[in-house]
Amino acid sequence: MPSTELPMTGLLQEANRLMTVCNACRYCEGFCAVFPAMERRRVFSEGDLNYLANLCHGCQGCYYVCQYAPPHEFDVNVPKTFAGLRTETYARYAWPGFLSSAFQRNGLVVSLAIALGLALMIGLTFGMQNPEVIFGAHSGEGSFYRVVPYAAMVWPFGLVFLFSIAAMIIGGARFWKATAGKAGAKLSSAAVLGGVWDTLTLRNLGGGGGGCTYPEEKFSYARRIYHHFTFYGFMLCFAATSVATIYDHVFGWIAPYGFLSLPVVFGTLGGIGLFIGPAGLLWLKTKADPAPRVRDLVGMDVALLMLLFLISATGLALLVLRETGAMGTLLAIHLGFVLALFFVLPYSKMVHGIYRLLALIQDAAERRS
Ligand code: SF4
Ligand code: SF4
């Protein structure tokens with residue numbers, strides 16, 4: 001049956017060339033999940049290459065050992081090519097399609113979302129309340145809503161969040177449909193659990209036991225540790241918001257809650273994780289070797305890490321100063337940053353979590369088949 005795929009261009013063509021070279025060489029087969037997955041294929045379709053690019057976590061290990069890396073004429077640079085291809089994947093499967101251009105100059109897009117989120121929340125707060133209320137000290141049940149009215153908090157966040165979740169699910173489903181089921185893999189509950197486990201533990205960032213060659217050629221666990229802080233910090237903050245929503249809507253317990261309540265404990269631990277993790281990852285980026293990286297994509301990573309850092313910093317400040325006159329302004333700024341994150345969830349580096357999870361599930365399925 002003739003192929004229905006269009007001829008490959010650009011990064012796909014380069015990835016195809018590299019995988020053909022690597023499949024003949026196979027020196028790196030023990031390095032990560034990418035090379036064994038590559039070896040299960042003889043030829044590489046567009047779906048295969050997008051899958052392999054998302055299975056790669058950019059540890060740079062194969063670049064440092066490669067005898068064909070630049071300045072060799074074969075010019076093999078797998079982490080750089082796959083980093084570019086991953087971003088093309090995010091844009092290719094993004095929903096709705098006309099927003100896929102947000103992945104170009106993504107640092108600027110995230111900055112604009114921050115400006116919009118801040119303008120909206122500060123504008124709503126200062127437009128709906130008088131200065132005595134905003135700059136006054138409040139305490140006890142409902143004090144947040146005294147400054148930022150309930151409707152201004154719930155409606156923008158609810159609508160943007162639901163849209164963003166739908167966009168991420170549709171994008172992930174498109175990626176799965178285009179890439180899964182190759183190499184004769186059958187999906188099973190064990191494969192799903194295996195992929196989820198690899199994601200939750202960041203198993204591949206452990207390398208062969210000594211960590212990754214990131215930010216430089218020396219092996220280190222730093223990236224794995226800071227990524228764990230970021231991921232689990234984010235999940236704890238999400239858990240805090242979810243529990244607070246149940247408290248409010250199911251039990252009628254109105255925020256702010258006590259320091260030992262579940263939403264505050266989750267939020268505090270999550271905020272600390274989201275402070276340390278992005279700060280550490282940003283610090284590693286300043287030391288990263290530029291050769292195996294795509295310079296144009298640094299803005300995308302930095303913009304998201306900065307946004308997560310600002311969310312945690314303002315959230316923790318709000319916790320400490322919630323009974324002072326600074327609470328109103330801090331709350332509006334914090335909510336502005338959170339709204340910006342909701343805006344850009346499906347059109348920022350955040351989507352790498354979905355694509356990596358799906359690629360790891362597929363990898364687990366292929367290993368079991
Ligand atoms: S990256 Fe280089 S050393 Fe590793 S498998 Fe490919 S060609 Fe061989
Ligand atoms: S950069 Fe790391 S994860 Fe990516 S293909 Fe090379 S060794 Fe594997």
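Order of listing sets the numbers, starting from 1, for every ligand and every atom in it.
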Could you list the atoms of ligand 1 found under 4.0 angstrom from a heavy atom of [X]?
{"X": "C25", "value": "3 (S), 5 (S), 7 (S), 8 (Fe)"}
{"X": "Y68", "value": "7 (S)"}
{"X": "Q67", "value": "3 (S)"}

T314 (side chain) donor-acceptor with I311 (main chain) under 3.5 angstrom: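 Present.
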Expected output: side-chain Q60 to main-chain T213 donor-acceptor under 3.5 Å: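 Yes, because the side chain of Q60 sits within donor-acceptor range (under 3.5 Å) of the backbone of T213.
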What atoms of ligand 2 come closer than 4.0 angstrom to any heavy atom of [X]?
{"X": "P79", "result": "1 (S)"}
{"X": "C62", "result": "1 (S), 5 (S), 6 (Fe), 7 (S)"}
{"X": "Q60", "result": "1 (S), 2 (Fe)"}
{"X": "C32", "result": "3 (S), 5 (S), 7 (S), 8 (Fe)"}

Atom 2 (Fe) of ligand 1 - nearest protein heavy atom and its distance: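 Ranked first by proximity to atom 2 (Fe) of ligand 1 is C66 SG, 2.3 Å.
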Shortest protein contact, atom 4 (Fe) of ligand 2 (heavy atom only):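 Result for atom 4 (Fe) of ligand 2: C56 SG, 2.4 Å.
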Candidate with minimal heavy-atom separation from atom 5 (S) of ligand 2, of Y214, Y64, Y63, F35: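 The residue whose heavy atom sits nearest atom 5 (S) of ligand 2 is F35.
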Pick from C59, C28, C22: the one approaching atom 7 (S) of ligand 2 most closely through a non-hydrogen atom: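 Of the listed residues, C59 has the closest heavy atom.
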Salt bridge K80-D75, side-chain N to carboxylate O under 4.0 Å: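 Here K80 does not pair with D75 in a salt bridge, since their nearest N and O are not under 4.0 Å apart.
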Gap separating the NZ atom of K218 from the OH atom of Y64, nearest 0.5 angstrom: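 Between K218 NZ and Y64 OH, I get 12.5 Å after rounding to 0.5 Å.
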Flag for D48-S45: side-chain donor and acceptor within less than 3.5 Å: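 Yes, because at least one side-chain N or O of S45 sits under 3.5 Å from a partner of the opposite role on D48.
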Chi angles and distances behind the side chain to side chain contact (heavy atoms under 4.5 Å, CB included) call for N130, V133: CA-CA 6 Å; N130 60 52; V133 175; 3.3 Å; yes
Single-linkage hydrophobic cluster, 4.5 Å side-chain cutoff, V320 and L316 together: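 As far as the 4.5 Å side-chain criterion goes, L316 and V320 are not connected within one cluster.
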Cation over ring face, R322 and F259, 6.0 Å, 45°: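 Yes, a cation-pi geometry.
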